2 protein chains.
Amino acid sequence: MTSSTTNKQPDITLAGCGYSRVLEIISNKWTALVIYALENGHIRYGDISRRVEGISKKMLTQTVRKLERDGLVQRHITPTVPLTVEYSLTPLGETLLQPMKELRQWGRTNYSHVEEARGNYDLKYSK
Amino acid sequence: MTSSTTNKQPDITLAGCGYSRVLEIISNKWTALVIYALENGHIRYGDISRRVEGISKKMLTQTVRKLERDGLVQRHITPTVPLTVEYSLTPLGETLLQPMKELRQWGRTNYSHVEEARGNYDLKYSK
DNA sequence: CGGGATCCTACGAGATACTG
DNA sequence: CAGTATCTCGTAGGATCCCG
């Protein structure tokens with residue numbers, strides 16, 4: 001009941017909006033990149049680490065754990081010596097791929113426009 | 001040249017990936033919700049404030065300024081007394097709508113599964 | 001009405017060192 | 001190889017007060 005009385009549109013709540021739910025999952029610094037690395041099937045911990053440039057072990061583990069907890073990623077352990085640990089998307093995780101690819105595509109095709117807009121804005125308001 | 005020599009897949013770089021570029025734009029706490037509020041055309045500052053539940057003036061202004069700087073949102077000032085300020089998406093901003101709607105839809109239909117997975121995970125590892 | 005300016009705090013995330 | 005454990009720091013973001 002936070003709406004003004006004449007408001008015909010529903011409120012947008014942080015907790016209830018699909019946006020926030022998804023962003024809660026993929027919006028930290030490395031998550032999307034790790035999912036990207038998992039797009040083509042099973043991949044080992046060390047290989048993710050090498051593919052995702054600049055990620056530390058701490059952040060990789062933390063990211064992959066959170067994704068596992070969210071049911072988007074599976075962990076497969078082979079008890080060789082030393083250990084072999086592979087990760088892959090779950091069926092649920094794979095359903096995220098399509099929307100995320102479109103987002104990525106948007107970034108690729110439109111980011112230059114955003115950068116240009118930033119340049120113009122800064123020029124306009126710097127002096 | 002950070003790839004292992006036998007790596008056939010390209011590296012995933014933070015700066016170069018479309019994911020990070022988009023997330024840099026929409027991944028903070030309120031941005032997606034504000035864009036959501038702008039979906040149906042022009043809307044006044046105070047009306048956004050009322051529709052997006054819980055947002056403070058500071059965060060609303062900050063969010064909308066950033067979106068303006070990124071070229072996704074336009075600001076229209078009508079010099080009435082007191083001021084009337086309306087916001088709307090730019091053409092560039094509107095191109096973001098489609099991918100974001102799919103993301104939102106994913107959240108709506110799949111978040112319950114994520115919550116369930118979290119419950120199972122916590123049960124499994126709590127003891 | 002539509003902001004700006006400050007102060008403050010929790011948390012994301014990097015660096016470094018250790019382990020089964 | 002695949003992680004854990006600390007320590008530290010910057011910053012997102014909330015609370016509060018002021019302004020044209």
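Not measured: the values here are computed from a predicted model. Just so we're on the same page: letters track the sequence lines, and every chain starts at 1.
Contact check of residues 61-70 of chain B against DNA chain D (heavy atom, cut-off under 4.0 Å) returns no residues at all. Interface residues of residues 21-44 of chain A facing DNA chain C, ordered by number: A:N28, A:K29, A:W30; criterion, heavy-atom separation under 4.0 Å.
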Salt bridge (Lys or Arg N to Asp or Glu O under 4.0 Å) evaluation trace for A:K124 with B:E68 = CA-CA 12 Å; A:K124 189 171 168 186; B:E68 193 190 358; 5.9 Å; no

Please assess B:V22 against A:N110 for the test side-chain contact (heavy atoms from CB on, under 4.5 Å), listing each intermediate value before the final yes or no.
-> CA-CA 9 Å; B:V22 181; A:N110 293 104; over 6 Å; no

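One can place CD1 of A:I55 at 8 Å from P of C:dG14, the figure rounded to the nearest angstrom. In this structure, OH of B:Y45 is placed 6 Å from P of C:dG3, rounded to the nearest angstrom. One interatomic measurement links the two molecules: NE2 of B:H76 to P of C:dG3, which rounds to 12 Å at whole-angstrom precision.
Two residues are said to be in side-chain contact when any heavy atoms from C-beta on lie closer than 4.5 Å; A:I25 and B:W106 meet this criterion. Counting heavy atoms from C-beta on, the side chains of B:P10 and A:R51 come closer than 4.5 Å.
Side chain of B:Y45 to backbone of B:K57: a donor-acceptor contact under 3.5 angstrom is found. Side chain of B:R69 to main chain of A:A117: no donor-acceptor pair is present (N/O by atom type, distance under 3.5 Å, no hydrogens or angles). Of the possible donor and acceptor atoms, one in the side chain of A:N28 sits under 3.5 Å from a partner among the backbone N and O of A:T31.
By the side chain to side chain contact (heavy atoms under 4.5 Å, CB included) test, B:S112 is found to be paired with no residue, residues two or more places apart in sequence or in another chain being considered.
Residues A:S49 and A:I55 share a closest heavy-atom pair of O-CG2, 4.0 Å. Heavy-atom minimum distance, A:R21 versus B:G107: CD-O, 4.1 Å.
The residue from B:L33, B:L72, B:V73 that alone fulfils the side chain to side chain contact (heavy atoms under 4.5 Å, CB included) condition with B:L38 is B:V73.
Note that CG of B:L97 and OH of B:Y36 are 10.5 Å apart. Values are rounded to the nearest 0.5 Å. Residue A:E39 holds its CD atom at 8.0 Å from CE of A:M100, rounded to the nearest 0.5 Å. The distance from atom OH of B:Y121 to atom NZ of A:K66, rounded to the nearest 0.5 Å, is 12.5 Å.
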Considering only nitrogen or oxygen atoms on both sides, find all protein atoms under 3.5 Å from nucleotides 15-20 of chain C and state each distance.
none

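A 4.0 Å heavy-atom criterion places the boundary nucleotides of DNA chain D facing chain B at D:dG13 to D:dA15, written 5' to 3'.
Both A:V85 and A:V52 sit in one connected hydrophobic cluster of ILVMFWY residues. Membership requires side-chain heavy atoms under 4.5 Å apart, directly or through other members.
Across its full length, the helix from C:dC1-D:dG20 to C:dG20-D:dC1 shows an angle of 50° between the axes of its 5 terminal pairs at either end, rounded to 10 degrees.
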